[in-house]
Structures are given as structure tokens and as C-alpha cells.
Amino acid sequence: GAVVSQHPSWVICKSGTSVKIECRSLDFQATTMFWYRQFPKQSLMLMATSNEGSKATYEQGVEKDKFLINHASLTLSTLTVTSAHPEDSSFYICSASGLGAWGNQPQHFGDGTRLSIL
Amino acid sequence: AQTVTQSQPEMSVQEAETVTLSCTYDTSENNYYLFWYKQPPSRQMILVIRQEAYKQQNATENRFSVNFQKAAKSFSLKISDSQLGDTAMYFCAFQQGGSEKLVFGKGTKLTVNP
């Protein structure tokens with residue numbers, strides 16, 4: 001149980017294009033989803049928290065207009081990297097939690113998306 | 001703000017042996033949760049074990065167990081009978097009670113040698 005699917009797993013695109021990453025909870029309803037960024041050999045950095053039907057809460061230093069997050073349903077959240085540039089290249093990971101992300105409802109992670117901007 | 005410290009960037013262990021990964025954290029709160037996540041080369045984050053701070057009993061999951069020392073703010077992970085598939089990055093994480101956010105340590109790269 002508690003499977004989170006993230007798509008695509010790897011994307012390469014030209015500078016200036018927009019890229020959408022999907023995060024789906026397959027067997028549970030995710031009231032809260034999280035988006036992380038991970039640089040090589042580093043830990044996960046939380047970018048934003050999204051709750052179904054409401055605006056995402058971004059961490060300090062994360063550009064809201066650059067990283068658009070939509071959590072339209074209890075099973076789907078999307079991250080769109082707008083006008084991507086080489087510095088946006090990174091590994092992006094989503095996680096989801098059901099019925100609130102409290103400690104008794106641990107986060108379950110997707111497989112991640114490797115984004116490469118040329 | 002809470003911080004999580006993993007003082008061992010890399011560790012190695014022989015197959016079938018036991019290894020302990022260290023984690024300390026800093027908080028003034030009394031209600032919180034602690035986690036160990038595993039990230040193998042495939043990059044997927046996998047929950048290994050979790051501990052509620054209000055529970056004195058150390059959590060165990062098969063070959064994985066923790067040594068939770070609340071007063072010392074220490075949360076180490078012991079892996080018994082290490083297997084080659086245990087090779088991965090291991091992240092310790094803290095979650096304050098009432099908060100949805102996880103605070104991760106920098107990770108420990110564990111290599112299990114045949």
C-alpha cells in the first residue's frame with residue numbers, strides 16, 4: 001500500500017521551455033503533498049507544501065512564479081517548472097501523506113524526476 | 001528551528017555484520033516524530049522505521065532497530081545481518097508534532113561489501 005507514482009522519471013529539454021511533473025497517490029487519498037529538490041550528493045530540500053484545493057505554501061527562497069504547483073484532486077499534484085534554465089536542472093521528488101501529514105501518517109515518496117535543461 | 005545532524009558522511013560494513021548509523025537532533029519541543037529513510041541508487045526514498053517521541057520503547061522493523069535516547073536527543077539506526085541490498089543513502093528525519101514538514105539530515109552513505 002501507500003504507492004506514489006511520479007512522472008516523468010527523466011526529462012531533457014531546451015532552455016526556456018516549461019516542464020510539468022506529475023505526482024499521483026495510487027492507493028490512498030493524499031490531502032497533503034510535498035515537493036522537494038535534491039542536488040547531487042545532498043539532502044532533500046523542501047520547496048513547497050500543497051493541500052488539495054488550496055494554494056501551495058512555498059519555502060523561503062523558492063520562486064512561486066518559477067515553480068507552479070497545482071493540487072487539484074486528492075490523488076494528483078503537479079509541479080511546473082516555467083521557462084526552465086540550466087540552473088533548474090536537478091532531481092525533483094514528491095511525497096504524499098493521507099489524512100494530514102502528521103507523524104502517524106508518514107510521507108510516502110515518488111521515484112523522483114531527473115530534470116536536465118540544456 | 002529544528003536541526004538534524006548525521007555526523008557520518010560515509011560508512012561501510014561487511015555483509016552479515018551489524019552497523020549503526022548516528023543521528024542527533026535539536027528541538028525544544030516534547031512532541032515529535034523521528035524517521036529513518038533509505039535512498040538506494042534508484043533514488044526512491046523508502047521509509048525504514050519511525051519512532052514516536054512519547055514512546056519509550058525503541059522501534060524495530062525486522063533487521064532494523066533504533067536506539068532512541070530522548071534526553072540525549074539521539075536516534076541511531078542499527079542494521080543487523082547487513083545485506084548487499086542495504087547499500088544506500090540513509091537519511092534521518094525529524095517532524096515536530098502538529099507540523100507537516102520533515103527536516104532531514106545530510107545523510108550517511110552506507111556501503112555493504114560482499
Side-chain angles (χ1 to χ4, degrees), chain A residues 1-10 21 23 30-52 54 56-60 62 71 77 90-115, chain B residues 1-10 21 23 25 27 29-55 59 61 66 68 75 88-111:
Chain A
V3 177
V4 176
S5 173
Q6 188 171 340
H7 179 81
S9 57
W10 193 13
I21 303 170
C23 180
T31 55
T32 307
M33 288 187 169
F34 304 84
W35 287 96
Y36 295 86
R37 184 173 181 175
Q38 186 179 30
F39 292 101
K41 299 183 179 180
Q42 294 191 25
S43 189
L44 281 70
M45 180 190 77
L46 179 65
M47 298 174 66
T49 303
S50 73
N51 292 288
E52 184 264 338
S54 61
T57 301
Y58 290 82
E59 294 299 299
Q60 191 173 9
V62 177
H71 192 162
S77 177
S90 190
F91 191 67
Y92 293 87
I93 309 176
C94 73
S95 71
S97 181
L99 300 177
W102 317 119
N104 59 344
Q105 296 287 344
Q107 294 181 29
H108 302 280
F109 288 80
D111 289 347
T113 297
R114 184 179 302 279
L115 175 62
Chain B
Q2 290 83 12
T3 58
V4 177
T5 302
Q6 293 179 251
S7 58
Q8 306 150 316
E10 294 190 37
L21 308 184
C23 173
Y25 56 94
T27 183
E29 302 294 326
N30 199 44
N31 179 29
Y32 53 88
Y33 303 85
L34 295 162
F35 305 84
W36 278 98
Y37 279 90
K38 166 185 176 181
Q39 187 179 40
S42 64
R43 304 296 292 273
Q44 184 184 19
M45 294 286 285
I46 302 167
L47 177 63
V48 176
I49 200 166
R50 65 180 174 179
Q51 174 83 41
E52 293 90 340
Y54 62 85
K55 290 187 177 180
E61 287 288 341
V66 298
F68 175 45
F75 183 62
M89 283 289 292
Y90 286 83
F91 293 97
C92 179
F94 171 97
Q95 183 178 41
Q96 181 178 323
S99 171
E100 297 180 302
K101 297 180 182 179
L102 284 174
V103 178
F104 286 92
K106 292 188 175 182
T108 296
K109 182 179 179 181
L110 176 66
T111 302

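Just so we're on the same page: letters track the sequence lines, and every chain starts at 1.
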Can you give me the closest heavy-atom contact between Q44(B) and G110(A), atom names plus distance? CG-O, 3.9 Å
Quick check on L47(B) against chain A: is it the side chain, the backbone, both or neither that has a heavy atom closer than 4.5 Å? side chain
Of all heavy-atom pairs linking G105(B) and S43(A), the shortest is O-OG, 2.7 Å
Chain A contact via Y37(B) - side chain, backbone, both or neither, heavy atoms under 4.5 Å: side chain
Roughly how far, to the nearest 0.5 Å, is CG of L102(B) from CZ of F109(A)? 6.0 Å
Q107(A) and M45(B), any side-chain heavy atoms less than 4.5 Å apart: no
Would you say that T57(A) contacts K101(B) through its side chain, given a criterion of any heavy-atom pair below 4.5 Å between the two side chains? no
Rounded distance (nearest 0.5 Å) linking atom CE of M89(B) with atom CD of Q38(A): 7.5 Å
Whatever's closer than 4.5 Å to a heavy atom in chain A on Q6(B) counts as neither
Least distance between heavy atoms, Q42(A) atom then F91(B) atom: O-CZ, 4.0 Å
